[in-house]
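Following: one structure in structure tokens, then a few remarks.
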Amino acid sequence: MKKGQVYEATVERVDFPNKGIVRTEEGSVIVKMSLPGQKIKLCVNKLKNGKAEGRLLEVLEKAPLEMEPLCSHFGVCGGCMYLSLPYGEQIRMKEDQVKRLLDRCLEEQKESWSWEGIKGSPEIYGYRNKMEFTFGDEVKDGPLSLGMHRRGSFYDVVNAEECCIVDQDYRLILGAVRAYFASYPAESGVRPYHRVRHEGYLRHLVVRKAVHTGQILVALVTTSQALRGVQEETLIRGFRDTLLELERTGKLAGHFAGIARIVNDSKADVVQSDRTEMLYGENFFYEELLGLRFKISIFSFFQTNTRGAEVLYDTVREYVGVSEGGDGAEGKVVFDLYSGTGTIAQMLAAAADRVIGVEIVEEAVWAARRNAEENGLDNCTFIAGDVLKVLDTVEEKPDLIILDPPRDGIHPKALSKIGSYGVDRILYISCKPTSLVRDIVEFGKFGYAVERACCIDMFPHTANIETVVMLSHKNLIA
């Protein structure tokens, strides 16, 4: 096999994340953006360490189960990968991906662990409670667009006013905001921020909506660069009034809790705040989750699929043996490491003697403390800092450890400290199964084996999946 060779072949399967496996006479090739059962034309563009990667040139024949996607942006927008597959096939494929990875790393355990399958999302359309849309253009110097990046492109932005993973309120807001700013001529300076030249005014639009209360937060993210021929105050006031008109005329199912303007002059293509100005209402709303109440701001971390999060956290409680009424962890000290805004810690607090959460993002820790107070939980302590360093300062010893690390998993030195506690059980929640299986192998060196595992589809139509694994120490098994 050589670089530049073109093949026609059928995709055998798709490995995590979104790696189509195609077999040719000369060997197998990884081709992203492909679906199992498709006959494709590919070009080999990378050969390394005996592995070949190819670029999808053309889909010659659709997969037998492919259907017409609900969203007109599918295939152009870089968001959803599997929207053209029936949902049952999507979750079957994701379950197979995770199970193959676990089987491979647990080969020596054989039948001594329990695989409990996949739990689908209660909602497969309109499930997201937060979106970050980007201002740009679909073609160079073209009309203003507001939506998602074009698949495979750093620059082009596709209008996403028919996006089906958000509800109708998002789509109405998106269309109204794009039309408002598009009404200003390019010479006014009301143009999208250029990510290479670092010029332009409009950067992002952030929209959040509470599932249980219907409250909506919207934040317009701009630079501080000067406009020409238009007063910035007038422009921003018009943006606010455009949104409020949607609510006043009854077009929205929800209602605005707050509207903000954020100034961000960072060169990085991220949503962050140098300065925030509230144009209407408050900078937060409340959401409810399994009997608890959470205060959420524009930047708060919160699972983006609320109904899916309820499934995930119900699974966590069941795995650690905590009942819905709050029994099952009496007298125990629980460490919730990489705790985010402390959602899991608070779910377990009623059943534990004490819960200690550790999170490196300070704003998330402030939110966790505030939410614990709102929920009347006085046995939760949240510490801001790197898990690797914080564990050296905590005097208490845990009885149970909960892990929900970032996508790249646990730092090897932090894993060593966690494994050294020798607790009976460790619950590991992972949003990247390839990182999870690497860490499982390392925990094995400290005497831990997988007891049971399952996965939960928090992100329908995308390549992402959550996995929950209970690790038990050999002393407990014995």
**Prompt:** Between Arg203 and Asn264, is there a donor-acceptor pair closer than 3.5 Å when you use the side chain of the first and the backbone of the second?
**Reply:** yes

**Request:** Would you tell me whether Thr276 and Asn283 have side-chain atoms, one donor and one acceptor, within less than 3.5 Å of each other?
**Result:** no

**Atom pair OG (Ser416) and CD1 (Ile410), whose distance is rounded to the nearest 0.5 Å** = 11.5 Å

**Request:** Might you point out which heavy atoms bring Gly340 and Ala368 nearest each other, and give the distance in Å?
**Result:** O-CB, 4.3 Å

**Request:** Among residues two or more places apart or on two chains, list those pairs meeting ring-ring contact (aromatic ring centres under 6.0 Å, His included) that have a residue in residues 118-146.
**Result:** Tyr125-His461, Phe135-Phe181

**Prompt:** Passes side-chain contact (heavy atoms from CB on, under 4.5 Å), Glu53 versus Asn45? Steps please.
**Reply:** CA-CA 6 Å; Glu53 294 183 16; Asn45 59 359; 4.1 Å; yes

**Request:** First locate atom CD of Glu95, then atom CD1 of Ile465, and finally report the distance between them rounded to the nearest 0.5 Å.
**Result:** 9.0 Å

**Request:** Please round to the nearest 0.5 Å and tell me the distance separating atom CG of Asn305 and atom CG of Leu312.
**Result:** 10.0 Å

**Request:** Answer yes or no: is there a side-chain heavy-atom contact under 4.5 Å between Tyr428 and Thr467?
**Result:** no

**Message:** Using side-chain heavy atoms (C-beta onward) and a distance below 4.5 Å, is Val11 in contact with Val22?
**Reply:** yes

**Message:** Taking Arg92 first and then Glu89, would you say they form a salt bridge - that is, a charged N and a carboxylate O separated by under 4.0 Å?
**Reply:** yes

**Item:** Closest non-hydrogen atom pair, Ser121 against Pro460
**Value:** CB-CG, 3.5 Å

**Asked** Any side-chain donor-acceptor pair under 3.5 Å between Asp457 and Tyr87?
**Response** yes

**Asked** How many angstroms lie between OG in Ser472 and CZ in Phe443, if you round to the nearest 0.5 Å?
**Response** 12.5 Å

**Request:** Mark yes or no for whether Asp404, through its side chain, and Tyr338, through its backbone, hold a donor-acceptor pair below 3.5 Å.
**Result:** no

**Request:** Could you pull out the closest heavy-atom pair between Ser28 and Ala52, with the gap in Å?
**Result:** O-CB, 3.8 Å

**Item:** Side-chain donor/acceptor of Ser145 to backbone N/O of Gly136, under 3.5 Å
**Value:** yes

**Asked** Between atom CG of Leu101 and atom CZ of Arg438, what is the distance when rounded to the nearest 0.5 Å?
**Response** 12.5 Å

**Arg208/Glu287 ion pair, N-O < 4.0 Å** = no

**Prompt:** Could you give all pairs that pass the ring-ring contact (aromatic ring centres under 6.0 Å, His included) test and reach residues 400-426, with sequence neighbours left out?
**Reply:** Phe335-Tyr421

**Heavy-atom donor-acceptor pair, His473 side chain to Phe446 backbone, under 3.5 Å** = yes

**Test item: Thr462 and Lys94 side chains (from C-beta on) under 4.5 Å apart, heavy atoms** = yes

**Heavy-atom side-chain proximity of Gln303 to Leu289 below 4.5 angstrom** = no

**Prompt:** For Gly200, does its backbone N or O pair with a side-chain atom of Thr223 as donor and acceptor, under 3.5 Å?
**Reply:** yes

**Message:** I'd like to know if the side chain of Ser300 reaches the main chain of Ser297, judged simply by a donor and an acceptor atom lying under 3.5 Å from each other, with no hydrogens or angles considered.
**Reply:** yes

**Item:** Student check: side-chain heavy atoms of Arg151 and Met81 closer than 4.5 Å
**Value:** yes

**Item:** Those residues that, when tested against Asp169, pass side-chain hydrogen bond (donor to acceptor under 3.5 Å, both in side chains) (two or more places apart)
**Value:** Lys209

**Item:** Stepwise side-chain contact (heavy atoms from CB on, under 4.5 Å) test for Met148 and Val158
**Value:** CA-CA 5 Å; Met148 308 294 290; Val158 178; 5.5 Å; no

**Complete:** Given the options Val387, Ile426, Ile344, Leu403 meets side chain to side chain contact (heavy atoms under 4.5 Å, CB included) only with Ile426

**Message:** Check whether Asn49 reaches the backbone of Lys51 with its side chain - one donor and one acceptor, N or O, closer than 3.5 Å.
**Reply:** no

**Sub-4.5 Å side-chain heavy-atom contact between Val157 and Asp137** = no

**Any donor-acceptor N/O pair, Asn464 side chain to Phe459 backbone, under 3.5 Å** = no

**Item:** Non-hydrogen side-chain atoms of Glu451 and Tyr319 separated by less than 4.5 Å
**Value:** no

**Item:** Shortest non-hydrogen contact from Cys80 toward Ile165
**Value:** SG-CG2, 3.8 Å

**Message:** If the condition is side-chain hydrogen bond (donor to acceptor under 3.5 Å, both in side chains), which residues does Glu66 pass it with, not counting sequence neighbours?
**Reply:** Gln38, Ser84

**Item:** Neighbour count above 12 (heavy atom, 6.0 Å) for Arg55 CZ
**Value:** no

**Message:** Using side-chain heavy atoms (C-beta onward) and a distance below 4.5 Å, is Lys417 in contact with Asp392?
**Reply:** yes

**Message:** Please check this pair: side chain of Gln90 against backbone of Tyr82, looking for a donor-acceptor N/O pair closer than 3.5 Å.
**Reply:** yes

**Item:** Residues Asp96 and Lys99 bridged, charged N to O under 4.0 Å
**Value:** no

**Complete:** Rounding to 0.5 Å, atoms CG (Asp274) and OG (Ser224) come to a distance of 7.5 Å

**Item:** Partner residues of Lys119 under the side-chain hydrogen bond (donor to acceptor under 3.5 Å, both in side chains) criterion, sequence neighbours left out
**Value:** Thr315

**Nearest non-hydrogen partners of Gly54 and Val29, listed with the distance** = N-CG1, 3.4 Å

**Complete:** Applied to residues 11-27, the side-chain hydrogen bond (donor to acceptor under 3.5 Å, both in side chains) test, sequence neighbours excluded, yields Tyr7-Glu26, Glu12-Arg23, Arg13-Asp15, Asp15-Arg100

**Item:** side-chain contact (heavy atoms from CB on, under 4.5 Å) evaluation trace for Ile118 with Val98
**Value:** CA-CA 9 Å; Ile118 187 168; Val98 177; over 6 Å; no

**Prompt:** Below 4.0 angstrom, N of the basic side chain to O of the carboxylate: do Lys130 and Glu132 qualify?
**Reply:** yes

**Fill in**
In terms of heavy-atom contacts, Trp113 and Val450 come closest through CB-O, 3.2 Å

**Request:** Just do the side-chain contact (heavy atoms from CB on, under 4.5 Å) check on Thr134 and Arg195 with the steps written out, would you?
**Result:** CA-CA 11 Å; Thr134 302; Arg195 292 159 189 77; 2.4 Å; yes

**Request:** Please answer whether the main-chain N or O of Val14 pairs with a side-chain N or O of Gln97 as donor and acceptor at a distance below 3.5 Å.
**Result:** yes

